[in-house]
Every structure is written in structure tokens, then in C-alpha cells.
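Note sheet for the following structure.
Whatever order the structure lists them in is the order used to number ligands and atoms, beginning at 1.
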Amino acid sequence: MQELTHFIGGEHVKGTSGRFSDVFNPATGEVEKRCPLASAAEVRAAVENARAAQPGWAAQNPQKRARVMMKFVALLQRDMDKLAEALSREHGKTLPDARGDVQRGLEVAEFCIGAPHLLKGEYTEGAGPGIDMYSMRQPVGVAAGITPFNFPAMIPMWKFCPAIACGNAFILKPSERDPSVPLMLAELMLEAGAPPGVLNVVNGDKEAVDAVLDDPDIAAVGFVGSTPIAHYVYSRGTAAGKRVQCFGGAKNHMIVMPDADMDQAVDALVGAGYGAAGERCMAVSVAVPVGEETADRLVEKLIPRVESLKIGPYTAGEDVDFGPIVTKEALARIKGLVDRGVEEGAELKVDGRNFRLQGYESGNFMGGCLFDRVTKDMDIYKTEIFGPVLSVVRAKSYDEGLALAMDHEYGNGVAIFTRDGDAARDFANRINIGMVGINVPIPVPLAYHTFGGWKKSGFGDLNQHGPDAFKFYTRTKTVTARWPSGVKEGAEFSIPTMG
Ligand code: NAD
């Protein structure tokens with residue numbers, strides 16, 4: 001069986017802790033690889049490599065670093081199919097979806113080609129007599145990223161591309177459930193011209209994460225994953241004096257107004273609710289039709305669509321709607337939550353719990369589930385299910401629908417489907433959620449905007465990618481310079497003002 005490695009100082013390095021986790025093919029349920037779980041000493045070795053590489057990398061002029069990003073983009077395009085195949089094999093998502101995962105990361109690398117422009121500072125000439133003032137953005141030094149299983153290409157690239165373009169060295173601790181693609185990305189960065197040690201991949205679990213959080217030489221940590229771990233990483237990392245941003249779980253609502261184009265809304269809900277088996281932080285997991293009549297029409301149209309979803313392994317062709325769940329544990333958890341919903345009295349209109357796929361009986365497959373008449377006190381409404389399960393919560397009015405989304409503890413994404421510009425505008429204005437779609441079910445901002453949720457979906461300030469990432473991975477230094485001409489003045493004892 002293949003034993004994966006870490007990637008430290010530009011080389012594949014075997015794990016030495018003696019601890020491993022199994023990497024499965026979720027479609028077959030078979031273990032295909034072993035992933036080494038780093039000890040604190042192995043994390044430290046990566047940090048030392050990063051520390052040694054960082055000053056030289058930061059000293060290269062920004063356009064040279066941008067050229068590395070440019071080459072990296074070209075290599076991602078060259079290897080797109082290879083990366084997508086490796087990704088689908090460990091994650092389970094379909095090949096077109098896996099290509100999207102790579103593409104959405106690639107677009108952040110593309111944005112980072114603009115680093116020379118984004119890193120330009122500010123300058124005030126003549127801030128006082130003979131005084132000029134300028135601010136520059138300098139890299140923080142060594143930064144780290146801890147990433148989830150559900151986007152093993154995109155999210156690592158959201159983290160390391162801007163960090164590296166700013167002149168930092170980076171330690172990536174990807175998910176131990178699908179670690180192959182992050183290792184391939186590190187090889188490509190090296191091939192693109194990033195010096196050894198600029199991007200290191202350390203595989204591992206809590207032990208590696210804690211070592212990252214406690215390491216005095218890591219200045220900034222970006223995390224994406226579930227909310228309890230996001231909160232933990234934020235608390236421990238900031239207590240150690242680091243700059244930390246953590247993005248957590250979600251429960252994304254889609255409000256369907258009575259005037260919405262119902263076919264469009266149903267298409268949107270099916271794609272956004274069940275795509276990637278619902279294992280997306282921007283998946284729509286709650287549909288909120290406004291008014292009983294809207295709800296009846298919506299549910300009636302949704303049932304046959306959910307019943308006819310095409311589920312299969314990524315090898316079954318491009319028209320599969322979604323694949324298996326990432327692990328057996330995750331599958332059992334999702335089915336357990338569906339059981340709970342039935343116990344709580346929600347109406348299970350489509351039951352995918354007993355779905356079986358011939359030839360893949362050991363795979364982690366389940367069918368789509370659709371609940372109607374879910375209420376806000378139920379566990380299935382409060383909990384992030386992270387599976388192919390859509391809950392319909394009926395609202396009597398627009399205000400009730402708005403309040404539902406606003407009162408939920410998560411605040412990642414939300415959408416409204418309507419033909420009424422006034423309602424859409426009011427919604428976008430009042431909602432307390434970070435990313436809003438108007439007739440767009442999954443409003444993931446493009447690379448040159450920023451991505452981030454509110455409430456329990458995000459800890460710390462500044463968002464991911466876009467201009468915010470360049471702020472997160474740099475520190476501002478402001479220089480006040482005076483080149484006196486003529487008579488020298490004596491000491492000044494009160495705070496200088498420029499008059
Ligand atoms: P997870 O929290 O289990 O794992 C995320 C990372 O934390 C992994 O690298 C993992 O190794 C590490 N980790 C796990 N347990 C830990 C512990 N006890 N101590 C320290 N580190 C630990 O998340 P996941 O299951 O990989 O990913 C799914 C979650 O991520 C969902 O909740 C989803 O909503 C969220 N997510 C959020 C966003 C966002 O931008 N808000 C994007 C994608 C996924």
C-alpha cells in the first residue's frame with residue numbers, strides 16, 4: 001500500500017512518528033493509502049525549513065514572485081485532469097466538480113499574479129516641514145494553513161497562494177482524509193520556481209495542529225473547517241499571540257418568495273443542496289418557501305427531482321450528480337441525523353438512507369433526502385448535516401423567512417429567489433450573513449472579492465482571498481522620514497503634530 005509523505009524543504013519526507021491514518025476511496029470503501037501523522041518534532045522541522053527559506057524569498061522583487069504564480073497557474077492547467085482524478089478518488093466528488101475545485105483555487109493563484117500592485121504602499125509627500133511619510137506592507141514571515149477535506153485543492157490554494165505571493169514561507173496542514181492533492185500542489189509550486197522550503201506540507205491530525213498553534217516562529221494561521229475546531233484554533237492561536245482567521249461551519253438558507261420562478265428555484269435547490277453530496281460549506285441545506293401555496297408548489301416539484309438524482313462513483317461518467325460521502329463515519333452521522341429528523345416529527349418526503357449501488361456495496365453511498373415541515377426547534381434544523389439532505393422550513397411571510405436566517409447561529413451564505421428588486425434589495429441590506437445570493441444559490445465570491453462568513457461561521461477579522469488576504473499575510477510598517485535642510489532644531493518634548 002502506498003505510504004504518503006510530508007513535503008518539507010522541497011522534498012518528500014517520510015513520516016517518522018510511527019502514526020498513520022488510512023486514506024480511503026469512498027466509492028469502494030477500500031483503504032488505498034496511508035497518511036503519516038506528524039509529531040511536533042516533524043512540524044518543527046518544517047518550520048525551520050520555512051524560516052530559512054523565507055528571507056531570500058521575501059527579498060526577491062514582487063514581480064519575480066508573481067512570475068512563479070504565473071507559472072504555477074500554467075502547471076495547474078497542464079495537470080488539471082491528473083489533479084481532478086486524484087481528488088475525486090479520495091474525496092468522492094464527481095470529476096467535473098473536482099475540476100471546479102482546482103479551478104477555483106487556480107483563480108486565486110491568478111489573482112496573486114497581481115501581487116506587485118497589491119503590495120504597493122502609501123506615500124504622503126510633505127506631511128510636515130521636510131517630512132515625508134510612507135507605509136509598506138511586509139510579509140509576516142512564516143504563515144500556516146489548516147484546511148478541511150471538502151475542497152482539498154481550492155482551500156489550500158486560498159491560503160498558500162496569497163501568503164507566498166506576499167513573500168512569506170508557508171506550512172500547510174491539509175486534511176488527513178484526502179492528502180494527495182495538497183502534496184501534488186507543493187510539487188507544482190516547486191516546479192514553478194518557488195525555492196525549497198517556501199511551501200511545506202505537513203500531514204497530520206490534532207498533534208500537528210497543536211504544534212502549529214504553539215510554534216513561536218509561526219506568525220499567522222488561517223483555518224477552515226468545522227466550527228468547534230475553528231473556535232479552538234482561534235482561541236489557542238490568538239492566545240499564543242498569532243494573527244489567526246478561522247472559517248467554520250454553515251447552515252445556508254434559501255428564501256423562495258411567492259413570485260420566484262419556481263423551476264429556476266428548484267434547479268438551484270437541487271444543485272446547491274445535493275451537489276458534492278452536500279459536503280460544501282456553501283451548500284443550501286434549508287429551503288424557506290414563503291407562504292403555504294409557494295411551499296406546496298416547491299415541495300411538489302422538488303420530490304421527483306430528488307428521487308431521480310443520479311448517484312455514482314466518479315468513474316461512472318460526467319453526468320453523475322454526486323458521489324459517495326467521504327468516510328463511513330460521516331455517512332453514519334448523516335444517516336443518524338436523518339433518523340433524528342424523523343423522530344422529531346419532520347416529514348421525510350424522499351428517503352435516501354437505504355440507497356445501494358450495485359457493484360459498490362462497500363462504498364459510502366446514500367441517496368438524497370428531502371424533509372418538509374422542519375421547524376426551528378429541531379436538531380436537523382440547528383445542526384450542520386453536511387450531507388445530501390435538504391430541509392424545507394415553511395415561513396408565513398418574508399419577515400419570518402428573513403428572521404429565520406438571521407436568528408440561526410451560522411452566517412456563511414444565504415440566498416433569496418424573487419422577481420421583486422425591492423425585496424431583494426431589502427434582504428441584501430438587512431441580512432446578517434457574509435455572502436448573499438440574489439437568484440444565485442451558491443454565492444461564492446470570485447477570487448478578486450473576498451470570502452468569509454459571519455456569526456459562528458467566522459472567527460477573526462479579514463476574509464479569505466482577494467485584497468483581504470494581502471492584508472492578512474502582511475504587516476504594515478509606516479516610516480516618517482525627515483531630511484532637514486537648514487538650521488537643526490533642538491529636542492522636542494511634546495508629541496509632534498504636523499500643524
Ligand atoms: P474538521 O474541523 O474536522 O477539520 C478541519 C481541519 O482541522 C483538518 O485539517 C483536521 O485535521 C483538523 N482537525 C480536526 N480535528 C481537530 C482537533 N480536534 N484539533 C485540531 N485540529 C483538528 O472539518 P472537515 O470535516 O475536514 O471539513 C468540513 C467542515 O468545514 C464543515 O463544517 C464545513 O462547513 C467547513 N468548511 C467551512 C468553509 C468556510 O470557508 N467557512 C469552507 C469549507 C468547509
Side-chain angles (χ1 to χ4, degrees), residues 19 21 23 26 35-38 40 43 90-93 101 104-105 108 144-159 171-179 182 201-214 221-237 244-252 276-285 325-327 329-331 333-334 337 383-387 408-414 433-435 442-445 450-460 462-466 468-469:
R19 293 195 310 125
S21 65
V23 181
C35 174
L37 302 175
V43 172
E90 290 178 4
H91 177 284
K93 64 176 75 174
D101 191 328
R104 275 301 187 105
V108 169
I146 300 157
T147 55
F149 83 87
N150 67 325
F151 282 97
M154 177 182 85
I155 295 180
M157 285 191 265
W158 283 6
K159 302 287 172 203
I171 312 287
L172 173 66
K173 204 307 282 172
S175 171
E176 63 277 37
R177 289 185 244 172
D178 43 16
V201 179
V202 180
N203 282 306
D205 57 3
K206 179 173 166 46
E207 189 172 333
V209 170
D210 288 349
V212 164
L213 297 174
D214 296 343
V221 178
F223 171 91
V224 181
S226 58
T227 286
I229 312 296
H231 188 241
Y232 167 75
V233 167
Y234 186 74
S235 311
R236 188 158 171 165
V244 187
Q245 56 171 199
C246 296
F247 300 90
K251 194 83 178 176
N252 305 313
E279 291 173 318
R280 288 179 180 146
C281 71
M282 289 292 277
V284 172
S285 48
I325 304 299
V326 67
T327 58
E329 294 71 33
L331 179 67
R333 180 184 165 277
I334 297 165
L337 279 159
T383 312
E384 180 184 44
I385 299 177
F386 222 56
H408 204 285
E409 65 170 350
Y410 292 117
N412 214 38
V414 71
I433 290 176
M435 292 169 284
I442 307 192
V444 176
T450 70
F451 182 110
W454 291 14
K455 300 187 274 181
K456 290 268 170 60
S457 299
F459 300 85
L462 294 175
N463 279 354
Q464 309 184 83
H465 65 67
D468 271 14

Suppose we measure from [atom] to each protein heavy atom; which comes out shortest, and what is that distance?
| atom | value |
| --- | --- |
| atom 27 (O) of ligand 1 | Pro148 CB, 3.3 Å |
| atom 35 (C) of ligand 1 | Gly225 O, 3.1 Å |
| atom 19 (N) of ligand 1 | Lys206 CG, 3.4 Å |
| atom 32 (O) of ligand 1 | Glu384 OE1, 2.6 Å |
| atom 21 (N) of ligand 1 | Val209 CG2, 3.4 Å |
| atom 7 (O) of ligand 1 | Phe223 CE1, 3.4 Å |
| atom 18 (N) of ligand 1 | Ile229 CD1, 3.5 Å |
| atom 28 (C) of ligand 1 | Phe386 CE2, 3.6 Å |

Any sub-3.5 Å donor-acceptor pair from [X]'s side-chain atoms to [Y]'s backbone N or O?
| X | Y | value |
| --- | --- | --- |
| Lys173 | Ala144 | no |
| Gln245 | Leu462 | yes |
| Lys455 | His408 | yes |
| Asn252 | Gly413 | yes |
| Lys93 | Asn150 | yes |
| Asn412 | Cys281 | yes |
| Thr450 | Asp468 | no |

Would you mind listing which atoms of ligand 1 come within a distance below 4.0 Å of any non-hydrogen atom of [X]?
| X | result |
| --- | --- |
| Lys173 | 8 (C), 9 (O), 10 (C), 11 (O) |
| Ser226 | 1 (P), 2 (O), 23 (O), 29 (C), 30 (O), 32 (O) |
| Arg177 | 3 (O), 24 (P), 25 (O), 26 (O) |
| Ile146 | 6 (C), 7 (O), 9 (O) |
| Gln464 | 40 (O) |
| Ile155 | 42 (C), 43 (C) |
| Glu176 | 10 (C), 11 (O) |
| Phe247 | 39 (C), 40 (O), 41 (N) |

Note to self: Does the protein place a non-hydrogen atom closer than 4.0 angstrom to atom 23 (O) of ligand 1?
What the structure shows: yes
Location of contacts on [X] toward ligand 1, heavy atoms closer than 4.0 Å:
| X | answer |
| --- | --- |
| Thr227 | neither |
| Phe451 | side chain |
| Pro174 | backbone |

Next item on the list: Measure from atom 5 (C) of ligand 1 to every heavy atom in Val444, Val224, Asn252 and give the option owning the shortest one.
Entry: Val224
Item checked: Residue selection (non-hydrogen contact nearest atom 41 (N) of ligand 1) among Gly248, Gly452, Cys281 -> Gly248
Notebook entry, point to check: Is any side-chain heavy atom of Cys246 closer than 4.5 Å to a side-chain heavy atom of His231?
Noted result: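 No, every pair of side-chain atoms sits at 4.5 Å or beyond.
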Looking at every non-hydrogen atom in both residues, tell me the closest pair between [X] and [Y] and how far apart they are.
| X | Y | value |
| --- | --- | --- |
| Gly249 | Thr227 | N-OG1, 2.8 Å |
| Val202 | Pro174 | O-CD, 3.5 Å |
| Pro182 | Leu172 | CB-CD2, 3.9 Å |

Notebook entry, point to check: When the ring planes of Phe386 and Phe149 are compared, do they come out parallel, tilted or perpendicular, using 30° and 60° as the limits?
Noted result: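 Ring orientation of Phe386 relative to Phe149: perpendicular.
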Next item on the list: Give yes if a backbone or side-chain nitrogen or oxygen of Asn150 is under 3.5 Å from a nitrogen or oxygen of ligand 1, and no if not.
Entry: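 No, Asn150 has no N/O under 3.5 Å of an N/O on ligand 1.
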Margin query: Here's a test for you: under side chain to side chain contact (heavy atoms under 4.5 Å, CB included), which of Thr327, Ile325, Val326, Leu331 qualifies with Glu329?
Written below: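 When Thr327, Ile325, Val326, Leu331 are each tested with Glu329, the side chain to side chain contact (heavy atoms under 4.5 Å, CB included) holds only for Thr327.
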Notebook entry, point to check: Looking at Asp210, Val212, Val209, which hits side chain to side chain contact (heavy atoms under 4.5 Å, CB included) with Val43?
Noted result: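 Checked Asp210, Val212, Val209 against Val43; only one passes side chain to side chain contact (heavy atoms under 4.5 Å, CB included): Val212.
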